[in-house]
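These notes are about the structure you will find just below.
By convention in this document, chain letters (A, B, ...) are assigned in the order of the sequence lines, proteins followed by strands, and residues within each chain are numbered from 1. Hydrogens, waters and symmetry mates are skipped; everything else that's a heavy atom, side chains included, is used.
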4 protein chains.
Amino acid sequence: MPSARGARAVRPRRRAEEIIDAAAAVFAERGYHGASTQDVADRLGMRQASLYYYFPSKEAALEQVCLRSVGDFVERAQAIAAGPDRAADKLAAIVESHLAPVETRGDYVRCFLRERRFLPRDSARRIGRVARQYEGILQGVIEAGIAAGELRRDLDPRLTTLALIGMCNAAMEWYGREPNTPLGRIANKFAALVVDGVRATRGASPPSGNRAKGSDGRAGSRPRRRVGG
Amino acid sequence: MPSARGARAVRPRRRAEEIIDAAAAVFAERGYHGASTQDVADRLGMRQASLYYYFPSKEAALEQVCLRSVGDFVERAQAIAAGPDRAADKLAAIVESHLAPVETRGDYVRCFLRERRFLPRDSARRIGRVARQYEGILQGVIEAGIAAGELRRDLDPRLTTLALIGMCNAAMEWYGREPNTPLGRIANKFAALVVDGVRATRGASPPSGNRAKGSDGRAGSRPRRRVGG
Amino acid sequence: MPSARGARAVRPRRRAEEIIDAAAAVFAERGYHGASTQDVADRLGMRQASLYYYFPSKEAALEQVCLRSVGDFVERAQAIAAGPDRAADKLAAIVESHLAPVETRGDYVRCFLRERRFLPRDSARRIGRVARQYEGILQGVIEAGIAAGELRRDLDPRLTTLALIGMCNAAMEWYGREPNTPLGRIANKFAALVVDGVRATRGASPPSGNRAKGSDGRAGSRPRRRVGG
Amino acid sequence: MPSARGARAVRPRRRAEEIIDAAAAVFAERGYHGASTQDVADRLGMRQASLYYYFPSKEAALEQVCLRSVGDFVERAQAIAAGPDRAADKLAAIVESHLAPVETRGDYVRCFLRERRFLPRDSARRIGRVARQYEGILQGVIEAGIAAGELRRDLDPRLTTLALIGMCNAAMEWYGREPNTPLGRIANKFAALVVDGVRATRGASPPSGNRAKGSDGRAGSRPRRRVGG
DNA sequence: GATGAATGAGCTTTCATTCAT
DNA sequence: GATGAATGAAAGCTCATTCAT
């Protein structure tokens, strides 16, 4: 049943959320240290002092941005990892899931990637834990895949994990600047690359080329197809 | 600024170079906007005002850092691209070459990756051109590989290029924090991943796993072996 | 900067006005470049940083000073020029009017005279226009006087204008340092000098010697007597 | 007989003089506090530090500029005052003499007028003395003229002196910016203005209008004619 | 005679933050 | 709930000056 929290509580939350949005946008654009609280206020048509009604400090705002940026990455990855798919498909699904927020919450994710290191020790650690958790899930998928014989035996699970994540994170930077490159296509191609590499198939048929056929240009959707045949 | 005529100008250059080194280190650690010129001076045991004998502005120092960080990336990639190797091997070699500076010039490269966006329009554009050139070389290798039938036909050359570079660049961030991960191993595994993907080989044998055997921990060297058989 | 909507904005304006006063005083005393914003703040018992709540820059403060210094010079001169007096009397009145602010707004006027050249191109031009307008009014009076046969036919209107203004402006520098020289007397004597020169009258009676008799020591008042008989 | 000072002594003097020239120019253009020693060095193609071989401080340079700017004003005025001319003619001659340096040494004079107040107490006083001496000479001429019945009895010698000097000094500011206004004409018209005023002559003929007939456009020359008839 | 290197002091300006209202 | 006013701290930068060479 939908909770009926007092309408009064809705408003301030609302405004605070707007401020975090603005902070994310501004921090993403100019960097945490390059952005001033005035910039944030400007974006909201607010006076700069008013921000301090909602946040005790600039740092606190960054922390909120980073916390929200983490979002449900872990949950979604966990769900995928726990699923019945084969390892390669899971990885592809994680790539897709990882890339999805770039469109809707790009500012947040960019802040996470580039500005979280400016957080105070404490919150940095807290957020770092989440990041490591996320990596752990991927790594688990890879290790399981190797054990099951589904993935190449010579993979280094840790390095592969980092490579995968790095590849995706990089996309956060250039997505939007690359023309004609819908998110779905990126996810698709990235997945194909990771799963099967660049080398032309030796003897065997082209496997994942037809993966997610027709999904080019629209991907973020839930019903993912198995990768490859 | 010191005039640089004749060999006599070697000494002052020395100092300027030291300052750029310090700036790179400080900017890499705290971010351009998070670092103060005082920080740079401190690192050199210099007075802050003295920096301005060598550089007209903090921005100019960043520009120098970024210019130097670009280094010979393009030249090395060009050399590899122009070589006789097969496309997959070229890509592996480029990965190796791309990662090499992380150890010796990590600060520079990190500045380039994270701080170059704070450069004034003009120098940003100049440096952007070099970056695009570099991407072009990679992309050329991939396109040629596809045309030659050496690389999978369904690759998107642009996206593959960006994925590759992104993957490598990400390593710049965590290299050194990951224990027991010598550069050579990273290069090796990254190359293997890109070339052959994660999927267990279908029928055929794992080819590039033994690439650069023994080169683990030492990679940046010139005499690269062919990847795979 | 404080928004200035409605009557509510009166108070803050107050403070800004005080700052401009202080700036005028300090700039007049030490010169624009010789004065620091700290000096201005000191004079107000304010912290230096607080000035920037009211003004975006030191230059902007100078601009305000210069704008205010221009004051109603033009209007007053225009009123006199438009009056029914004879040309010589008009000039005398303008001299008087020109000198009047030296006592009440000497700092402003001195800033205008000596520091306006340090204004940025734009405001310098705007203010220069007002100055030229003022000169134009004087010159107009002289030209009309010549045409009416009231003034010597061999006058150079332009040079006479500049001489007159220069003479008055110079008084801004030494007024207050010359003992026993009330403003009224200065105005009176300057007017007499300009109108009739230094030469003893040839045959004719001393004309303007008794001008404004008794007005010595108090002049700035409106009801000016005709000069001469 | 021409003295034969060692040629060696000529050089350094030479350079020092050049530096003072440059300082005068730069101080005149930007104001003493607005000009940097670097500006002076730039104008000479010298390194900034080299200035200190010739001058112990920036202030000392200003002092030199001001000292030289005073030049032979006093001597020339004294010579005129001591001459046999009538008072009105002497004043006219002094005006001419006063204006003469504007062309050849305008930078010096402008420095004197505007920047001497930034001199340290001591040199300010020394230079102030010279200025007062100069004023005294003029005032003496006026007083003598009055006593001799050549000048109007109602003149205030002090104010008349200051008016005269102020008028001339003002010309230093605009001379060069006023088109088509040769120095001779300025001197001529200023003298005429002061001597006879602006008022059209009453009955008597215009006397000094034809003063220095034909001298318009060339005046600064030595052989001065008597003013007026 | 001149300069490269360096620096102490001070500059204008920015900024996160506070607080009475 | 929001803001006007103010400020401490620090930033980047300039500059007159020094000094060994």
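To the nearest angstrom, P of dT13(E) lies 3 Å from OH of Y52(C). dG4(E) atom P lies 12 Å from atom CE of M46(D), rounded to whole Å. The interatomic distance linking Q48(C) (CD) with dA9(F) (P) rounds to 14 Å, in whole Å. Rounding to whole angstrom units, CG of residue D42(C) and C1' of dT12(E) are separated by 15 Å. The CZ atom of F55(C) sits 15 Å away from the P atom of dT12(E) (whole-angstrom rounding). Taking atom CZ of residue R15(A) and atom C1' of nucleotide dG1(F), one finds them 10 Å apart after rounding to whole Å. Going from atom OH of Y53(A) over to atom P of dG4(F) covers 17 Å, rounded to whole Å. Nucleotide dA5(E) holds its P atom 14 Å from the CD atom of E17(B), rounded to whole Å.
Of the candidate nucleotides dT7(F), dA16(E), dA5(F), dA16(E) has the atom nearest to the side chain of K58(A). For A49(C), whose side chain is taken as the heavy atoms from C-beta onward, the closest listed nucleotide among dA5(E), dT14(E), dT13(E) is dT14(E).
Between H33(B) and G45(C), the residue anchored nearer the 5' end of DNA chain F, judged by the nucleotide with its closest heavy atom, is G45(C). The 5' end of DNA chain F is approached more closely, in terms of each residue's nearest nucleotide, by R47(C) than by the other of S57(B) and R47(C). Place Y32(A) and Y32(C) on DNA chain E by their nearest nucleotides, and Y32(C) ends up nearer the 5' end.
Residue contacts for A35(D): at a heavy-atom cut-off of 4.0 Å it reaches the sugar-phosphate backbone alone, with no base atom in range. Within the 4.0 angstrom heavy-atom criterion, no nucleotide atom of any strand lies near A41(C). If you check every strand for non-hydrogen atoms under 4.0 Å, S50(C) touches a base.
The pairing partner recorded for dT14(F) is dA9(E), the criterion being a Watson-Crick or G-U wobble arrangement whose two distances lie under 3.5 angstrom. When Watson-Crick and G-U wobble pairs are counted only if both distances are under 3.5 Å, dA20(F) pairs with dT3(E).
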Exercise. Between Y108(A) and I20(A), does a side chain to side chain contact (heavy atoms under 4.5 Å, CB included) hold up when you go through it step by step?
Worked result: CA-CA 9 Å; Y108(A) 281 87; I20(A) 298 175; 3.4 Å; yes
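Two residues are said to be in side-chain contact when any heavy atoms from C-beta on lie closer than 4.5 Å; V130(D) and R126(D) fail this criterion.
Taking only side-chain nitrogens and oxygens, T37(A) never comes nearer than 4.0 Å to OP1 or OP2 of dC15(E).
Contact check on E17(D) versus R14(D) returns no salt bridge, with no Lys/Arg side-chain nitrogen under 4.0 Å from an Asp/Glu carboxylate oxygen.
Without hydrogens or angle criteria, R114(D) side chain to A28(D) main chain gives a donor-acceptor distance under 3.5 Å.
In this structure, the separation between NZ on K58(B) and OG on S36(B) is 7.0 Å, given to the nearest 0.5 Å.
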